[in-house]
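Notes follow the structure.
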Protein chains: 2
Amino acid sequence: MHALKVSCSNCSLRELCLPVGLNRDEMAQLDAVIRQSRRLKRGEYLFRSGEGFRSLYAVRTGYFKTCVSSQDGREQVTGFHMSGELMGLDGISSNLHGCDAIALEDSEVCELPFSRMETLGRDIPSLQHHFFRLMSREIVRDQSVMLLLGNMKAEERLAAFLLNLSQRLSARGFAANDFILRMSREEIGSFLGLKLETVSRTLSKFQQQGWLVVDHKHIQLVKPEELKQLVAGCSQAQH
Amino acid sequence: MHALKVSCSNCSLRELCLPVGLNRDEMAQLDAVIRQSRRLKRGEYLFRSGEGFRSLYAVRTGYFKTCVSSQDGREQVTGFHMSGELMGLDGISSNLHGCDAIALEDSEVCELPFSRMETLGRDIPSLQHHFFRLMSREIVRDQSVMLLLGNMKAEERLAAFLLNLSQRLSARGFAANDFILRMSREEIGSFLGLKLETVSRTLSKFQQQGWLVVDHKHIQLVKPEELKQLVAGCSQAQH
DNA sequence: TTCTTGCTTTGACGCGTATCAAGCAAGCCC
DNA sequence: GGGCTTGCTTGATACGCGTCAAAGCAAGAA
């Protein structure tokens, strides 16, 4: 735990640092590679699709969306990213970033130069393993989004989205049932494969049923169990 | 090229072996780790969601689908896999397989024990890098599926699917415009987020327009340019 | 052959979500 | 304050795809 303070002093990467179990020396090596954090204003691009890929980025504070665009301008939000989460993994395959990453509020990220991380992974097996796990986790996440987009109805999608947010926020020490949406209705809709009007209507419906209270971007989950029941059947089976 | 023959004699892994650029000695090390191939009959499971994860599998011959299931039994096909493609990457994160892999015809796979591949990667940097690239490519693929499921109409989805198949087949030396579908209409529908009737109707519509000829599972693309034009706008922008 | 069985095609109909449009609230600038 | 912009909500309507049902077709079994 002490090593943690030393190494991650400039970077609150729960997800990235904690589970690896590095010793102090390894931590110092890692620390030498992680660049000073970079600050972004709301709306600013961290990277754009097609740009050269050099680094992964871990959210330190703030909030990001990543999205891909089609040629005729349709935009698909592929994810929302909060503190401790990693962005840019899709750039490794072609050495070009495969999506846009945009700050949804003033934010701060740690830059992890990939080739140096790769080299370091050879010396620190647990770090290498951790990177494989992070990439695999991203694949698992994407699969569950496919299940959502391919099989669920609007109400199920939105309920799953809200519960996922709630769970991630509470894992970071925030209230699970009282939070601020950092993104617009349109961005939620893009992520869920719905139009913004449908998102709005579905939120209103949940409110009418007394399951939650909506006040603009402020959401209070009053009966999260009801939402859970709604997604229980259509969420991925556990084994 | 000679080294290739030596090392990949038991495993036709274009994708997996070719681009790495290993020398003969490294190839021999890799060869020692890759297990004898395993044969599966049509319909057989290679692995199931929830089973312990030990190995990745590369398709040597044949055809697979991978899918996740929800608790109430809805099934989402997450991908179809042909020779040279890798399955099981989603198992790394939790040491449990995250999806089912099922042979769509009599098939043969190479087993790659993951922990040994990981160890080998430390000694052979280009192998390590290649694995990162493979995982990243899977993430990129998943993102384009999200774009498809989130934004495209039935006709666009099916056209994109057919063109993707066509491209992968021709990359393996098969005819680009004359092929056999290895999967049922229902499986196509599950992958594309459509019902089987919609898949069938859309194929019929394409046929009526003279864009292709459907004879059960036998597809001939007569005017692939028309299909390409259909997906041109909605496919991912290139940079 | 005839009877299965599984997969596919096609039609009729209905539901869910998109689309179009209007109105409202909050924030910002002059 | 007025006027503007931006984002959200809500209603009316349209349409794409799902649902249900029936029938066709191929492959295999009895």
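All heavy atoms count here, side chains included; hydrogens, waters and symmetry mates do not. Numbers restart at 1 for each chain; the letters A, B, ... are given by sequence-line order, proteins then strands.
An OP1 or OP2 oxygen of D:dT9 is reached within less than 4.0 angstrom by a side-chain nitrogen or oxygen of A:Arg185. Contact check, A:Ser204 against D:dT9: no side-chain N or O comes under 4.0 Å of OP1 or OP2. In this model, the phosphate group of D:dT19 is approached by a side-chain N or O of B:Lys195 to a distance below 4.0 Å at OP1 or OP2. Within the structure, every side-chain polar atom (N or O) of B:Ser184 is placed at least 4.0 Å from both OP1 and OP2 of C:dG6. Using a 4.0 Å cut-off, some side-chain N or O of A:Thr198 falls inside it from OP1 or OP2 of C:dA18.
Checked against D:dT10, C:dT17, D:dA26, the side chain of A:Glu197 finds its nearest nucleotide in D:dT10. The listed nucleotides are D:dC17, C:dT9, C:dG16; the one nearest the side chain of A:Lys153 is C:dG16. Nearest nucleotide to the side chain of A:Ser200, out of C:dT9, D:dC8, D:dA26: D:dC8.
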* **Check against side chain to side chain donor-acceptor pair (under 3.5 Å), B:Thr66 and B:Thr78** => CA-CA 6 Å; B:Thr66 46; B:Thr78 54; 3.0 Å; yes
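Interface remark: the A:Arg201 side chain does form a donor-acceptor pair with the D:dG11 base, using a distance-only criterion of under 3.5 Å.
Note: CZ (A:Arg42) to C1' (C:dG27) measures 12 Å, nearest angstrom. Across the protein-nucleic acid pair, B:His216 atom NE2 and C:dT9 atom P stand 7 Å apart, rounded to whole Å. The CG-C1' distance, from B:Asp215 to D:dA26, rounds to 11 Å in whole Å. To the nearest angstrom, P of C:dT17 lies 13 Å from CE of A:Met152. One atom, CG of A:Leu194, and another, C1' of D:dC17, lie 15 Å apart when rounded to the nearest Å. Distance CD1 (A:Ile188) to C1' (D:dG7): 12 Å, rounded to an integer number of Å. As a whole-Å value, the separation of A:Lys205 NZ from D:dG11 P is 12 Å. Rounded to whole angstrom, the span from the CG atom of B:Leu192 across to the P atom of D:dG18 amounts to 11 Å.
Ring planes of A:Phe80 and A:Tyr63: tilted class, angle from 30 to 60°.
Between B:Arg38 and B:Glu108 there is no salt bridge, since none of the side-chain N atoms of the basic residue sits less than 4.0 Å from a carboxylate O of the acidic one. Salt bridge annotation for B:Arg172-B:Glu85: present, with a cationic side-chain nitrogen under 4.0 angstrom from a carboxylate oxygen. Electrostatic pairing of A:Glu111 and A:Arg60 does not count as a salt bridge here, judged by no charged N lying under 4.0 Å from a carboxylate O. Between B:Glu105 and B:Arg182 there is a salt bridge, since at least one side-chain N of the basic residue sits less than 4.0 Å from a carboxylate O of the acidic one.
B:Lys217 comes within 4.0 angstrom of the backbone, heavy atoms only, and of no base. Residue contacts for B:Gly193: at a heavy-atom cut-off of 4.0 Å it reaches the sugar-phosphate backbone alone, with no base atom in range. Residue B:Leu196 is classed as a base contact, given a heavy-atom separation below 4.0 Å to a base.
Positionally, the nearest nucleotide of DNA chain D for A:Glu186 lies more toward the 5' end than for the other of A:Glu186 and B:Ala154.
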